[in-house]
Amino acid sequence: NACSNAGIVTGAGSVWSNRTDLYVGCSGASNTLSIAAGGAVHNAMGYIGYNAGANRNAVTVDGPGSVWSNGGFQLYLGYAGAGNTLTITNGGTVYSSASEFGYRLSASNNTATVTGAGSVWSNSSTWFYVGYWGAGNILTITNGGAVFDPSGFIGGTTSTSNNAVTVTGPGSVWSNSSPLNVGYYGTGNTLTITNGGAVYNTWGYLGFNADANNNDVTVTGAGSAWNS
């Protein structure tokens with residue numbers, strides 16, 4: 001399997017354009033993609049950790065004008081692989097129609113961090129799942145970062161558990177233009193809003209279906225808000 005390969009797209013005007021899907025770790029492990037200093041990557045669907053065993057792959061989008069655009073298609077962070085990471089920092093931007101963390105049962109402990117003012121993960125048309133089948137997937141929005149989507153889910157199906165979202169710090173936002181489900185299915189999924197972070201949605205569900213047990217929301221600290 002192809003392991004420990006690196007792609008770097010850096011500098012304004014630097015572009016990697018794919019007409020089809022982009023895989024960072026199709027079957028191999030520890031592959032990396034860095035988009036920095038105004039570089040851009042364009043593709044159809046995006047996958048970080050596609051097959052089981054495609055573990056510990058990483059994408060970083062760093063700096064104003066740095067963009068990963070998934071062409072109006074979906075982005076999977078851990079389709080079947082585990083321990084994969086996505087970092088959006090210092091004003092970087094990721095675009096997709098929808099996103100899923102931990103899509104299959106084997107896709108556990110995948111992590112995304114959106115950090116810094118102007119850092120954005122924008123999902124345009126359908127849903128945003130943190131833990132679809134997989135367990136222990138984590139999203140952190142901090143230091144003024146933002147995630148936008150139509151509908152948010154922490155824990156998507158019956159087997160998923162212990163997925164977590166933390167929104168922390170002034171200006172840090174998770175904005176859902178429709179519902180937010182904390183424990184749509186599954187157990188032990190959590191949402192923590194702290195230190196002035198904010199979450200927005202039309203209406204919110206804490207434990208939606210019959211087997212959605214022991215899910216938890218914590219809102220703590222001055223200025224922290226869950227706005228439904």
Side-chain angles (χ1 to χ4, degrees), residues 21 24-25 44-52 54 57 59 68 70 72-88 94-114 120-141 145-167 173-193 199-209 211-217 226:
D21 301 340
V24 180
M45 286 191 185
Y47 298 90
I48 308 173
Y50 180 68
N51 287 305
N57 300 285
V59 174
W68 184 16
N70 292 277
F73 293 92
Q74 290 173 227
L75 172 58
Y76 293 93
L77 175 55
Y79 185 80
N84 300 285
T85 62
L86 171 62
T87 303
I88 307 167
V94 171
Y95 296 103
S96 53
S97 66
S99 297
E100 284 103 344
F101 284 56
Y103 186 70
R104 292 186 172 175
L105 283 172
S106 57
S108 62
N109 302 307
N110 299 285
T111 303
T113 303
V114 185
V120 173
W121 188 351
S122 179
N123 299 268
S124 60
S125 63
T126 49
W127 51 75
F128 188 91
Y129 280 96
V130 180
Y132 187 77
W133 284 101
N137 300 284
I138 297 172
L139 168 65
T140 303
I141 306 168
V147 173
F148 300 97
D149 57 73
S151 298
F153 299 83
I154 308 173
T157 60
T158 54
S159 65
T160 189
S161 63
N162 301 313
N163 301 287
V165 175
T166 299
V167 184
V173 171
W174 185 16
S175 180
N176 305 268
S177 58
S178 290
L180 172 61
N181 296 269
V182 182
Y184 186 67
Y185 287 98
T187 62
N189 301 290
T190 63
L191 169 63
T192 303
I193 308 166
V199 173
Y200 299 92
N201 47 266
T202 51
W203 56 92
Y205 298 99
L206 178 56
F208 184 84
N209 286 291
D211 62 349
N213 302 319
N214 300 312
N215 300 287
D216 184 73
V217 175
W226 184 12

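Hydrogens, waters and symmetry mates play no part in the numbers below; they use all other heavy atoms, side chains included.
With hydrogens and angles disregarded, no donor-acceptor distance shorter than 3.5 Å links the side chain of Ser151 to the backbone of Ser178. Between the side chain of Asn84 and the backbone N or O of Asn57, at least one donor-acceptor pair lies under 3.5 Å. Between the side chain of Asn70 and the backbone N or O of Leu75, no donor-acceptor pair lies under 3.5 Å. Formation of a donor-acceptor pair under 3.5 Å by the Thr160 side chain with backbone atoms of Gly134 is found in this model.
Closest approach of Ala54 and Gly25 over heavy atoms only: CB-O, 3.4 Å. Taking both residues in full, the closest heavy atoms of Gly131 and Asn137 are given as CA-ND2, 3.8 Å, listed atom of the first, atom of the second, then distance. Of all heavy-atom pairs spanning Ala212 and Gly183, the tightest one is CB-O, 3.1 Å. Closest approach of Ser106 to Ala82, counting heavy atoms only: O-CB, 3.8 Å.
For the atom pair CG of Leu180 and OG1 of Thr202, the computed distance is 9.0 Å after rounding to the nearest 0.5 Å. Phe148 contributes atom CZ, which lies 10.5 Å from atom CG of Asn176 (distance to the nearest 0.5 angstrom). Rounding to the nearest 0.5 angstrom, the gap separating the CG atom in Asp149 from the OG atom in Ser97 is 11.5 Å. Distance check: Asp21 CG to Gln74 CD gives 10.5 Å after rounding to the nearest 0.5 Å. Atom CG of Leu206 sits about 6.0 Å away from atom CH2 of Trp226, to the nearest 0.5 Å. Taking OG1 of Thr111 as the start and CG of Leu77 as the end, the distance is 7.5 Å to the nearest 0.5 Å.
Of the residues listed (Val147, Ile88, Val173), the one engaging Ile141 in a side-chain contact (heavy atoms from CB on, under 4.5 Å) is Val147, and it is the only one. Of the candidates Phe128, Tyr76, Phe73, Trp121, Trp121 is the only one forming a side-chain contact (heavy atoms from CB on, under 4.5 Å) with Ser96.
Of the N and O atoms on the side chains of Asp211 and Thr158, not one donor lies less than 3.5 Å from an acceptor on the other residue.
Within the structure, side-chain hydrogen bond (donor to acceptor under 3.5 Å, both in side chains) pairs that include any residue of residues 125-135 comprise Glu100-Trp127 (at least two apart or interchain). For residues 181-191, the set of pairs meeting the side-chain hydrogen bond (donor to acceptor under 3.5 Å, both in side chains) definition, not counting sequence neighbours, comprises Asn163-Asn189, Asn189-Asn215.
Ring orientation note: the planes of Tyr47 and Tyr79 are nearly perpendicular, at an angle over 60° on the 30°/60° scale.
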